[in-house]
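Values reported hereafter were calculated over all heavy atoms of this structure, with side chains retained and with hydrogens, waters and symmetry mates removed.
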Amino acid sequence: MKQIEKIFSNIEFSELQKYPLLSSCMKDGILFPSAFEESPLKIAFILKEPYAEWDEESQTPKDCDYDFFDIIRDLKYHYDHDLNKTWLKVSAIAYALKNKTDYTENLSYEQVVEGLSCVAWINLSKTPWKTTTKMDKAYYERVAAWEPVVKAQLQEIKPDIVFYGNTWEASTINPIEPDIPWQTCFNVNETKYEYTSDGGNKYRIFISKYRNTNKILVNGYHPGLGNSSQWQTEFIQEYMKNY
């Protein structure tokens with residue numbers, strides 16, 4: 001953990017030189033370290049970058065939806081006041097997968113904590129930026145800058161399930177064996193699942209096992225997208241039963 005913090009601080013210093021209007025970069029990782037270490041299931045959610053409400057004049061974030069430490073510190077408040085649906089969805093995914101139950105967001109506070117105790121949250125870029133669906137050159141540059149931290153995080157996490165939210169091709173880091181180049185070892189037999197929304201939109205996710213292991217890779221969508229948390233969880237559960 002201290003090594004990760006040291007690497008983070010060095011990169012943060014460099015990033016703030018590039019973007020002097022930013023006040024800090026965003027830490028993330030394992031939500032509840034002690035419980036995570038004891039958990040029989042470890043899930044890494046790999047997302048793009050911290051989403052922020054944006055002040056166009058100062059080019060700085062005003063408020064971060066996925067502020068890692070705010071959620072941990074104020075989790076009970078968020079739960080009691082029905083705030084931050086994304087964290088509830090993430091918890092519901094983890095709780096259902098861990099306990100092999102149906103997906104539901106109707107969880108007690110204790111169940112929310114149990115779900116999040118399985119979770120590590122990783123932004124490929126820790127530099128707060130206005131998130132868009134477009135991955136441009138500047139975004140990839142920020143991802144490349146933070147790769148030493150992401151690599152160290154994955155070495156610590158040792159995830160059983162890696163859940164990519166539209167980030168499958170955004171990083172070169174092998175999530176299961178971070179010291180082995182991703183391109184030279186990625187030989188998997190993907191299973192495709194399709195979901196059609198009530199409006200007729202089609203969504204595809206791909207699930208596979210990493211090499212000859214029971215480690216599961218999910219090439220899916222951000223858990224905050226509509227009701228995707230539910231059907232993605234169901235697809236993962238179906239895959240785990242069949243493979």
Tell me, please, which residues at least two apart from Lys18 pass side-chain contact (heavy atoms from CB on, under 4.5 Å). Ser14, Glu15, Ala145
Indicate yes or no for a side-chain donor-acceptor contact from Gln155 to the backbone of Pro178 under 3.5 Å, with no hydrogens or angles considered. no
Would you say Phe206 and Ile46 are hydrophobically clustered, going by side-chain heavy atoms of ILVMFWY under 4.5 Å? no
Measuring from atom NE2 of His222 to atom NZ of Lys48, what distance do you get when rounded to the nearest 0.5 angstrom? 9.0 Å
For Ile205 and Phe235, which heavy atoms make the closest approach, and how far apart are they? CD1-CD1, 3.7 Å
For Asn214, I'd like to know if atom CG has over 12 heavy atoms of other residues, nucleotides or ligands within 6.0 Å. no
Would you say that more than 12 heavy atoms from the other residues, nucleotides or ligands in this model lie under 6.0 Å from the OH of Tyr77, or not? no
For Pro223, is there any backbone N or O sitting under 3.5 Å from a side-chain donor or acceptor partner on Thr86? no
Same cluster for Ile236 and Tyr203 if Ile/Leu/Val/Met/Phe/Trp/Tyr side chains link at under 4.5 Å? yes
Any residue meeting salt bridge (Lys or Arg N to Asp or Glu O under 4.0 Å) with Asp198, in chain and number order, not counting sequence neighbours: none
Here's a test for you: under ring-ring contact (aromatic ring centres under 6.0 Å, His included), which of Phe163, Phe36, Trp87 qualifies with Trp121? Trp87
Does atom CD of Glu37 have more than 12 heavy-atom neighbours from other groups under 6.0 Å away? no
Supply the atom-to-atom distance Leu47 CG to Asn166 CG, rounded to the nearest 0.5 angstrom. 9.0 Å
Can you name the residues that form a salt bridge (Lys or Arg N to Asp or Glu O under 4.0 Å) with Lys85, not counting sequence neighbours? Asp82
Same apolar cluster (I L V M F W Y, side chains within < 4.5 Å links), Ile11/Leu16: no
With Ser108, which residues qualify under side-chain hydrogen bond (donor to acceptor under 3.5 Å, both in side chains), at least two apart? Gln111
Quick one: OG1 on Thr172 to CD on Glu147, what's the gap to the nearest 0.5 Å? 3.5 Å
Got a sec, which residues hit side-chain contact (heavy atoms from CB on, under 4.5 Å) with Tyr243, two or more places apart in sequence or on another chain? Thr191, Tyr193, Lys209, Tyr239
Taking atom CG of Asn201 as the centre, does the number of heavy atoms from other residues, nucleotides or ligands within less than 6.0 Å exceed 12? yes
For Tyr195, the ring-ring contact (aromatic ring centres under 6.0 Å, His included) test, sequence neighbours excluded, returns Trp231
Only residue of Val162, Leu154, Thr167 satisfying side chain to side chain contact (heavy atoms under 4.5 Å, CB included) with Ile122 is Leu154
To check you understand the geometry: which heavy-atom pair defines the closest contact between Pro159 and Ala44, and what is its length? CB-CB, 3.9 Å
Would you find a donor on one side and an acceptor on the other, under 3.5 Å apart, between the side chain of Glu12 and the backbone of Cys25? yes
Residues that Tyr79 engages under ring-ring contact (aromatic ring centres under 6.0 Å, His included), provided they are two or more places apart: Tyr109
Give, for atom NZ of Lys89 and atom OG of Ser228, the distance between the pair rounded to the nearest 0.5 Å. 6.5 Å
Closest non-hydrogen atom pair between Ala92 and Tyr103, with its separation: CB-CE1, 3.4 Å
Supply the atom-to-atom distance Lys126 NZ to Met26 CE, rounded to the nearest 0.5 angstrom. 10.5 Å
Kindly write out the residues that satisfy side-chain contact (heavy atoms from CB on, under 4.5 Å) with Leu88, not counting sequence neighbours, or none if the list is empty. Glu105, Val112
Are Ile216 and Val119 linked, directly or through other ILVMFWY residues, by side chains that come within less than 4.5 angstrom of each other? yes
Worked verdict on Glu49 versus Thr127 for side-chain contact (heavy atoms from CB on, under 4.5 Å): CA-CA 7 Å; Glu49 56 193 340; Thr127 306; 5.9 Å; no
Listed once per pair and sorted, the ring pair (Phe, Tyr, Trp, His ring centres under 6.0 Å) pairs that draw on residues 5-35, sequence neighbours left out: Phe8-Trp146, Tyr19-Trp129
Can you list every pair that meets salt bridge (charged side-chain N to carboxylate O under 4.0 Å, His left out) and has a residue in residues 150-175, with sequence neighbours left out? Lys151-Asp179, Asp160-Lys215
Can you tell me how far CG of Asp74 sits from CG of Asp80, rounded to the nearest 0.5 angstrom? 11.0 Å
With a 4.5 Å cut-off on side-chain heavy atoms, are Ser91 and Leu107 touching? yes
Going through the checks in order, is the side-chain contact (heavy atoms from CB on, under 4.5 Å) test met by Gln237 and Leu97? CA-CA 7 Å; Gln237 289 175 324; Leu97 294 177; 3.6 Å; yes
Can Leu217 and Ile176 be said to form a side-chain contact (heavy atoms from CB on, under 4.5 Å), step by step? CA-CA 9 Å; Leu217 306 174; Ile176 306 300; 4.1 Å; yes
With Thr101, which residues qualify under side-chain contact (heavy atoms from CB on, under 4.5 Å), at least two apart? Tyr95, Ala96, Asn99
Is the closest side-chain donor-acceptor distance between Glu177 and Tyr210 under 3.5 Å? yes
Please collect all salt bridge (charged side-chain N to carboxylate O under 4.0 Å, His left out) contacts where either partner lies in residues 230-243, sequence neighbours excluded, each pair once. none
So, does Asp28 use its side chain to make a donor-acceptor pair with the main chain of Asn123 at under 3.5 Å? yes
For the residue pair Gln153 and Ile4, establish whether any side-chain heavy-atom pair is separated by less than 4.5 Å. yes
Honestly curious: do Val150 and Ile7 fall in one hydrophobic cluster under the side-chain, below-4.5 Å linking rule? no
Shortest non-hydrogen contact between Val143 and Ala170, atoms and distance: CG1-O, 3.5 Å
Answer whether the closest heavy-atom distance between the side chains of Ser39 and Cys118 falls below 4.5 Å. yes
